[in-house]
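Here is how names work: the chains are called A, B, and so on, in the same order as the sequence lines, proteins then strands, and each is numbered from 1.
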Amino acid sequence: MDYVKGFASVLSPLLEGDLNENEITLMIEKPKHSGLGDYAFPCFSLAKIKRKSPQVIASELALNVTSPLFEKTEAAGGYVNVFLKKDAVTEHVIQNVLKLGGQYGSSENKSKGVVTLDMSSPNIAKPFSMGHLRSTVIGNSLSLIFEKSGYQPVKINHLGDWGTQFGKLITAYKKWGDEEEVIANPIKELLKLYIKFHDEAEKDPELEVAGRNWFKQLEDGNEEALSLWKWFREESLKDFSRIYDLLNIKFDSFAGEAFYNDKMNRVVELLEEKRLLTTSEQALVVDLESENMPPCLIKKSDGATLYATRDLAAALYRFENYRFAHSIYVVGNEQTLHFKQLIHVLKKMGYAWSDQMVHVPFGMILKDGKKMSTRKGKVILLEEVLNESIALAKKNIEEKNPNLENKEAVARMVGVGAVIFHDLKNFRMNDIDFNLEDMLRVEGETGPYVQYTYARANSLLRKGGWNTGEAQDSPALSGVEEWDITMKLLEFPEAIQRATAKYDPSQIAKYVVDLAQAFNKYYGAVRILEEDEWKYSRLKLVSAICTVLEEGLRLLGLQAPEEM
RNA sequence: GUCUCAGUAGCUCAGUAGGAUAGAGCAACAGUUUCCUAAACUGUAGGUCGGAGGUUCGAAUCCUCUCUGGGACACCA
């Protein structure tokens with residue numbers, strides 16, 4: 001299946017003493033244009049050793065590069081280009097995909113260990129905004145990609161369920177709140193109270209004091225405070241679960257900030273034991289000057305702990321509990337410094353596993369080039385966006401396929417898919433300027449485009465009488481029309497490897513668009529259901545495409561409708 | 001000020017362990033449906049890869065400097 005290796009093993013004896021097979025394998029690349037060949041070996045670096053021009057070396061090599069795998073070999077511009085035997089390779093690739101099904105591209109080693117993913121992490125009593133979407137959707141996709149690569153993912157929703165904002169909220173609720181309204185519409189009401197608190201606090205500084213007091217009460221275990229906090233948390237989670245259901249995302253743990261309250265003393269003690277703490281401006285810090293970083297704050301001057309303390313406790317807990325092979329934090333790039341500090345403190349504490357921790361940052365969602373602020377009530381609610389997207393999908397279905405059976409379900413898949421795909425298709429670090437129109441787009445490089453392609457391909461299988469059972473033998477396909485698709489199918493495992501290595505779901509998104517484009521091109525050029533001797537062979541190819549498209553979409557967290 | 005991320009077609013972005021003529025999508029324009037789902041396909045047009053040096057046989061990709069924009073930089077998370 002590995003044609004690069006095949007090429008390298010042919011070249012190797014010809015370059016005895018100059019390059020070994022491994023080096024050759026690494027040098028082999030794909031030509032810019034398929035007309036040049038399927039794989040290329042550049043001869044430039046050999047020019048010095050052999051004291052000949054790359055062109056001469058390439059033509060000499062080309063004469064001796066022969067293999068049952070290759071149709072022909074050419075020397076061009078200092079490269080040795082080989083053309084694979086289209087019929088044999090196409091047949092082989094299709095058979096392989098059909099045989100493996102959804103397992104195609106999966107790692108053979110399925111026990112590479114646990115990967116914890118810190119993701120989503122919305123703040124209780126605050127709306128689930130577009131900002132949280134990124135962490136949720138990137139984290140989910142990474143969990144699927146890592147699973148595919150042989151790891152066991154553990155998705156942790158590190159809820160923002162503790163902190164002074166709860167003191168403020170309790171204050172506001174007791175002053176202006178109404179139980180029934182909160183029950184009817186928890187997040188909306190709580191957000192209202194939160195915003196009102198900040199508006200009023202500007203005029204009345206006493207409120208801030210009251211807020212701090214209530215938080216102190218909460219920490220000290222005051223019953224009223226505690227029960228309000230619990231209630232807010234529960235109601236918020238109900239709201240969130242509606243969104244997670246819509247997104248089709250589940251978590252393995254909801255251990256949030258509050259969960260670590262009783263685990264932080266130990267961290268401080270450990271740091272003390274290891275003599276890492278120093279006092280600076282009445283606060284306890286771990287000095288990181290040797291790492292060229294500002295100090296990491298462990299305890300405030302008033303003795304209270306901070307988020308770094310909490311994250312240290314969480315890291316320890318996760319290692320002790322899960323023994324992770326990797327611990328991934330899918331958190332915005334504005335927190336890069338914090339995670340650098342976190343990892344270095346753990347390293348200083350002597351935990352070698354700190355090397356297995358990685359911050360996977362991503363760019364922000366901006367509105368008109370600016371950050372969105374919860375306090376000012378300037379947030380865009382994810383749920384509204386999702387609903388709008390679903391409504392649009394529904395409208396499109398009514399227009400284009402009014403007889404479709406399960407319209408609602410399909411509209412959901414497509415509407416949600418559009419939003420998720422839009423987030424994942426570009427490199428994570430890019431900021432995204434929020435643009436609803438852009439997000440709801442269904443043409444071009446979008447989720448709905450890929451889903452449509454999948455539905456179209458499935459329709460061919462239905463009409464062609466394809467049965468999912470054993471594929472029969474049939475004449476091999478050798479047309480150039482099929483060839484681009486074959487090469488794309490061959491690339492799927494590479495795309496997964498790249499996505500895993502770079503913690504980058506966009507590798508899969510781009511792949512899936514490429515494959516869809518290749519198929520649509522094919523669809524436009526060839527009549528797939530034409531009754532000729534190749535029909536069954538074409539259906540096999542289409543079936544392989546369906547398998548890979550579905551699996552690619554799945555890795556992004558999208559569903560693939562069989563009709564739309 | 002220090003650190004960090006980004007700058008590629010009108011817009012949104014691919015392409016960066018150096019390699020052949022820098023690619024998509026959207027928008028624009030011109031086409032394709034008696035034919036497998038037109039959420040599709042074909043074609044045209046669109047570029048000093050922010051700028052300047054350097055390394056190299058070869059640079060969008062590596063190094064230095066520089067300009068522009070985002071973010072972070074101690075008691076918020």
Relative to the ring of A:Phe128, is the ring of A:His132 parallel (under 30°), tilted (30 to 60°) or perpendicular (over 60°)? tilted
Tell me which of A:Asn401 and A:Ala308 sits closer to the 5' end of RNA chain B, going by the nucleotide each one is nearest to.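 On the 5' side of the pair lies A:Asn401.
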Which sits closer to the 5' end of RNA chain B, A:Lys521 or A:Met564, going by the nucleotide each is nearest to?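 Here A:Met564 is the residue nearer the 5' end.
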Does any nucleotide pair with [N] by Watson-Crick or G-U wobble geometry, both distances under 3.5 Å, and what is it?
N	result
B:rU12	B:rA24
B:rU37	none
B:rU55	none
B:rU48	none
B:rC73	B:rG1
B:rG43	B:rC29

Give me the distances for all protein-to-nucleotides 25-27 of chain B N/O pairs that come in under 3.5 Å?
from: B:rG25; atom 1: O4'; to: A:Glu445; atom 2: OE1; distance (Å): 3.3
from: B:rG25; atom 1: O4'; to: A:Glu445; atom 2: OE2; distance (Å): 3.3
from: B:rG25; atom 1: O2'; to: A:Glu445; atom 2: N; distance (Å): 3.4

When rounded to the nearest Å, what value does the distance between [atom1] atoms of [N] and [M] take?
N	M	atom1	value
B:rA30	B:rA6	P	40 Å
B:rU56	B:rU61	C1'	13 Å
B:rU4	B:rC11	C1'	27 Å
B:rA9	B:rA52	P	16 Å
B:rG1	B:rU66	P	11 Å
B:rU21	B:rG7	P	24 Å
B:rC41	B:rC26	P	8 Å
B:rG70	B:rG47	P	28 Å

I'd like to know if [X] pairs up with [Y] as an ion pair, taking the criterion as any Lys NZ or Arg NE/NH1/NH2 lying under 4.0 Å from an Asp or Glu carboxylate oxygen.
X	Y	value
A:Glu491	A:Lys488	yes
A:Arg441	A:Glu437	yes
A:Glu530	A:Arg538	no

Using a 4.0 Å heavy-atom cut-off across all strands, classify [X] as base, sugar-phosphate, or nothing.
X	result
A:Glu281	base
A:Pro54	nothing
A:Ala525	nothing
A:Asn81	base
A:Ser459	base
A:Pro295	base
A:Ile432	nothing
A:Tyr523	base
A:Val286	nothing
A:Ala76	base
A:Ala40	base

Residue-phosphate contact under 4.0 Å: [X] side-chain N/O, [N] OP1/OP2:
X	N	answer
A:Thr164	B:rC76	no
A:Tyr449	B:rC41	yes
A:Asn430	B:rA14	yes
A:Lys463	B:rU37	yes

Checking contacts here: which listed nucleotide ([options]) is nearest the side-chain heavy atoms of [X]?
X	options	result
A:Lys510	B:rA20, B:rU37, B:rG15	B:rG15
A:His33	B:rG23, B:rA39, B:rG15	B:rG23
A:Lys32	B:rA74, B:rA77, B:rA20	B:rA20
A:Leu337	B:rA72, B:rC41, B:rC36	B:rA72
A:Leu460	B:rU4, B:rU37, B:rC36	B:rC36
A:Asn426	B:rA74, B:rG70, B:rC13	B:rC13
A:Met364	B:rA72, B:rG70, B:rC41	B:rG70
A:Gln507	B:rG15, B:rA14, B:rG71	B:rG15

Can you list the residues that meet the salt bridge (Lys or Arg N to Asp or Glu O under 4.0 Å) rule with A:Lys463, with sequence neighbours excluded?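 Salt bridge (Lys or Arg N to Asp or Glu O under 4.0 Å) check on A:Lys463 returns nothing, list empty.
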Quiz question: by atom type and distance under 3.5 Å, do the side chains of A:Asp161 and A:Trp229 form a donor-acceptor pair?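 Judged by distance alone, the side chains do not pair up.
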If only side-chain N and O atoms count, and only distance matters, is there a donor-acceptor pair under 3.5 Å linking A:Asp504 with A:Gln507? yes
Name the orientation of the base relative to the sugar in B:rU33: syn if the glycosidic angle is within 90° of 0, else anti.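 It is syn.
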Give me each pair satisfying ring pair (Phe, Tyr, Trp, His ring centres under 6.0 Å) with a member in residues 32-55 of chain A, each pair once, sequence neighbours excluded. A:Phe44-A:Tyr79
Please walk me through it: do A:Gln335 and A:Tyr329 pass side chain to side chain contact (heavy atoms under 4.5 Å, CB included)? CA-CA 10 Å; A:Gln335 291 199 43; A:Tyr329 291 81; over 6 Å; no
To the nearest Å, how far apart are A:Phe44 CZ and B:rA20 P? 8 Å
Quick one: A:His198 NE2 to B:rC76 P, roughly how many Å, whole number?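 That distance rounds to 13 Å.
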Mark yes when over 12 heavy atoms from residues, nucleotides or ligands other than A:Arg462 sit less than 6.0 Å from its CZ; otherwise mark no.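 Yes - once you tally the heavy atoms of other residues, nucleotides and ligands closer than 6.0 Å, there are more than 12.
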Check step by step if side chain to side chain contact (heavy atoms under 4.5 Å, CB included) holds for A:Val512 and A:Thr453. CA-CA 10 Å; A:Val512 124; A:Thr453 307; over 6 Å; no
